[in-house]
Asker: 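The structure that follows is given in the form of structure tokens.
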Amino acid sequence: MNKQKVYNSIHYGLLIILALGTLLPVLWVILSSFKPQSELFRVPLTFLPQKWTVQNYVSSLQAGNFPVYFSNTVFVAVVSTFITVMINLMAGYALAKYIFKGRNLIFTIMIATLMIPLQVIMIPIFLQLKNLGMLNSLWGIIIPPAATPTGVFLARQYLVNLPDSLIEAARIDGAKEYTIFFRLILPMSKPIVATIAIFSFMWRWNDYLWPLIVITDNKKQTVQQALANFVGQLQINWSDLLAMTTIAIIPVIIVFLAFQRFFFSGIAAGSVKG
């Protein structure tokens, strides 16, 4: 065995160990959700359930309005992801392929907003939503973060490398601008669309702070709020909480697995090219 094979074996072995270390807490949560509560605190701790039960899932789905919270979060995440993808891709396309005065300045200012934390602009956005009558509404969660500088940056960096000759040929053939975007640019942008979609879905699904500020009606809360509210002041049903957490992470895993073949090429193309 030569040195290169030894190096590769060590390299991949370390990567496997790190991957297993990263997945270990997630696997523990999932497996522990099938344990009765008495088994969770048994010493010594066991990784696999000694007595499998699905009662935790039954009771968690029956507790409060969890199915309503789940459907609210699905609506917010899906609609917000669609809007975010379309807005960011359109903005990235304009900044990449249209020549107009101040284009680079606009792009620079947009990227500079990455340095502004949410806490700084939270109050002005809240006041705007109040003036628009969008408080205590799911649309109040969806609209404000729809356009993200990260998404615009990735889209612009990806689209700037598409050949201009294709766009010019479409214009010569008489295609309208919206036709060029939806029938030419959009199909060619699957990697970056998948990348932005994964990021947006994860951000919206896991968001807790902004829904907490906007939503006051119990029936319009999201999953993350439900998980936080499920933690009582004096007593916590950990088995049900772990079951609810497992249910909450399943959509994120499904979305990532569905788009993963585009994700890595999209994040690479949108980050280093341009």
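Quick caveat: nothing in here was measured; it's all calculated off a predicted structure. In this chain, numbering begins with 1 at the start of the sequence shown.
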Asker: Begin with the C-alpha distance, continue with both residues' side-chain angles, and end with the deciding distance and a verdict on side-chain contact (heavy atoms from CB on, under 4.5 Å) for Asn72 and Ile141.
Answerer: CA-CA 11 Å; Asn72 290 341; Ile141 306 175; over 6 Å; no
Asker: Which value, rounded to the nearest 0.5 Å, describes the distance between Leu209 atom CG and Gln225 atom CD?
Answerer: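 That separation rounds to 10.0 Å.
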Asker: How far does CD of Glu177 sit from CD1 of Ile185, to the nearest 0.5 angstrom?
Answerer: 9.5 Å
Asker: Show, in sequence, the C-alpha distance, side-chain angles and deciding distance for Leu129 and Phe126, and conclude whether the side-chain contact (heavy atoms from CB on, under 4.5 Å) test is met.
Answerer: CA-CA 5 Å; Leu129 290 179; Phe126 179 85; 5.8 Å; no
Asker: Sub-3.5 Å donor-acceptor pair from the side chain of Gln221 to the main-chain atoms of Ile215, do we have one?
Answerer: no
Asker: If you measure from CZ on Phe100 to CG on Leu95, what distance do you get to the nearest 0.5 Å?
Answerer: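 Between atom CZ of Phe100 and atom CG of Leu95 there are 5.0 Å.
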Asker: Determine, step by step, whether Ser33 and Asn56 satisfy the side-chain hydrogen bond (donor to acceptor under 3.5 Å, both in side chains) criterion, reporting the C-alpha distance in whole Å, the side-chain angles of both residues, the deciding distance to 0.1 Å, and the verdict.
Answerer: CA-CA 7 Å; Ser33 66; Asn56 301 330; over 6 Å; no
Asker: Above 12 or not: heavy atoms from other molecules or residues under 6.0 Å from OH of Tyr7?
Answerer: no
Asker: How about Arg204 and Thr222: do any of their side-chain heavy atoms sit closer than 4.5 Å?
Answerer: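 No, their side chains stay 4.5 Å or more apart.
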Asker: In the structure I gave you, are the side-chain heavy atoms of Ser189 and Leu159 within less than 4.5 Å of one another anywhere?
Answerer: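 Ser189 reaches Leu159 side chain to side chain.
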Asker: Using a 4.5 Å cut-off on heavy atoms from C-beta on, say whether the side chain of Met90 contacts that of Tyr178.
Answerer: no
Asker: Can you measure from CZ (Phe34) to OH (Tyr57) and round to the nearest 0.5 angstrom?
Answerer: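 Between atom CZ of Phe34 and atom OH of Tyr57 there are 4.0 Å.
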Asker: Where do Leu114 and Pro149 come nearest, in terms of heavy atoms and distance?
Answerer: CD2-CG, 3.5 Å
Asker: Give a yes or no on whether Arg103 atom CZ has more than 12 heavy-atom contacts from other residues, nucleotides or ligands under 6.0 Å away.
Answerer: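 Yes, because the 6.0 Å sphere around CZ of Arg103 holds more than 12 heavy atoms from other groups.
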Asker: Would the number of heavy atoms belonging to other residues, nucleotides or ligands and lying under 6.0 Å from CD1 of Ile123 be above 12?
Answerer: no
Asker: Identify the residue among Trp205, Phe70, Trp139 that makes a ring pair (Phe, Tyr, Trp, His ring centres under 6.0 Å) with Phe75.
Answerer: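 Option passing the ring pair (Phe, Tyr, Trp, His ring centres under 6.0 Å) with Phe75: Trp139.
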Asker: For the side chain of Thr84 and the backbone of Ala146, is there at least one donor-acceptor N/O pair under 3.5 Å apart?
Answerer: yes
Asker: Just by modelled atom types, is the Glu39 backbone N or O under 3.5 Å from a matching donor or acceptor in the Gln50 side chain?
Answerer: no
Asker: Mind checking whether Ser80 and Trp203 have side chains closer than 4.5 Å, heavy atoms only?
Answerer: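 Answer no - side chains too far apart.
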Asker: Are any of the side-chain heavy atoms of Met244 and Tyr69 separated by less than 4.5 Å?
Answerer: no
Asker: How close do Pro25 and Gly21 get, counting heavy atoms only, and between which atoms?
Answerer: CD-O, 3.3 Å
Asker: Taking the side chain as everything from C-beta on, heavy atoms only, tell me whether Leu89 gets closer than 4.5 Å to Val193.
Answerer: yes
Asker: Under the criterion side-chain contact (heavy atoms from CB on, under 4.5 Å), I'd like the reasoning laid out for Ile247 against Phe66: C-alpha separation, chi angles, the key distance, then a yes or no.
Answerer: CA-CA 10 Å; Ile247 296 173; Phe66 187 77; 3.9 Å; yes
Asker: Backbone N or O of Asn65 within a donor-acceptor pair of the Lys219 side chain at under 3.5 Å?
Answerer: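 Such a contact is absent between Lys219 side chain and Asn65 backbone.
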Asker: Report yes or no: do Ile17 and Leu15 belong to one cluster of Ile/Leu/Val/Met/Phe/Trp/Tyr joined by side chain heavy-atom distances under 4.5 Å?
Answerer: no
Asker: I need the minimum non-hydrogen distance between Ala147 and Ile87, along with the two atoms involved.
Answerer: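 Closest pair (atom of Ala147, atom of Ile87, distance): CB-CG2, 3.7 Å.
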Asker: Are the side chains of Trp210 and Ile125 in touch, meaning some heavy atoms are under 4.5 Å apart?
Answerer: yes
Asker: In terms of hydrophobic clusters joined by side-chain contacts under 4.5 Å, are Phe47 and Trp238 together?
Answerer: yes
Asker: Do Ile254 and Phe201 share a hydrophobic cluster (ILVMFWY, side-chain heavy atoms under 4.5 Å, transitive)?
Answerer: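 Ile254 does not cluster with Phe201.
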Asker: Can you tell me how far apart CG (Leu184) and CG (Leu162) are? Round to the nearest 0.5 Å.
Answerer: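 That separation rounds to 8.0 Å.
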Asker: With the side chain counted from C-beta on, respond yes when Gln224 and Asn206 share a heavy-atom pair under 4.5 Å apart, and no when they do not.
Answerer: yes
Asker: Can you give me the closest heavy-atom contact between Ala155 and Ile196, atom names plus distance?
Answerer: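 Looking at all heavy atoms of both residues, the shortest contact is CB-CD1, 4.1 Å.
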Asker: Determine whether Leu132 and Leu138 fall in the same hydrophobic cluster, where Ile, Leu, Val, Met, Phe, Trp and Tyr are linked whenever their side-chain heavy atoms lie under 4.5 Å apart.
Answerer: yes
Asker: For Val152 and Ala91, work out which heavy atoms get closest and say how close.
Answerer: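 Val152 and Ala91 have their closest heavy atoms at CG2-CB, 4.0 Å.
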Asker: Taking atom CZ of Arg156 and atom NZ of Lys97, what is their separation to the nearest 0.5 Å?
Answerer: 9.5 Å
Asker: Measure across Leu31 and Pro49 and return the closest heavy-atom pair with its distance rounded to 0.1 Å.
Answerer: O-CG, 3.3 Å
Asker: Take Val255 and Met202, measure what side-chain contact (heavy atoms from CB on, under 4.5 Å) needs, and give me the verdict at the end.
Answerer: CA-CA 9 Å; Val255 170; Met202 291 178 61; over 6 Å; no
Asker: Determine yes or no for a side-chain-to-main-chain donor-acceptor pair under 3.5 angstrom, with Lys220 supplying the side chain and Asn136 the backbone.
Answerer: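 Yes; at least one donor-acceptor contact below 3.5 Å.
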Asker: Would you say OH of Tyr98 has more than 12 non-hydrogen atoms from neighbouring residues, nucleotides or ligands within 6.0 angstrom?
Answerer: yes
Asker: Does Val76 belong to the same Ile/Leu/Val/Met/Phe/Trp/Tyr cluster as Val68, with side-chain heavy atoms less than 4.5 Å apart forming each link?
Answerer: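 Shared cluster, no.
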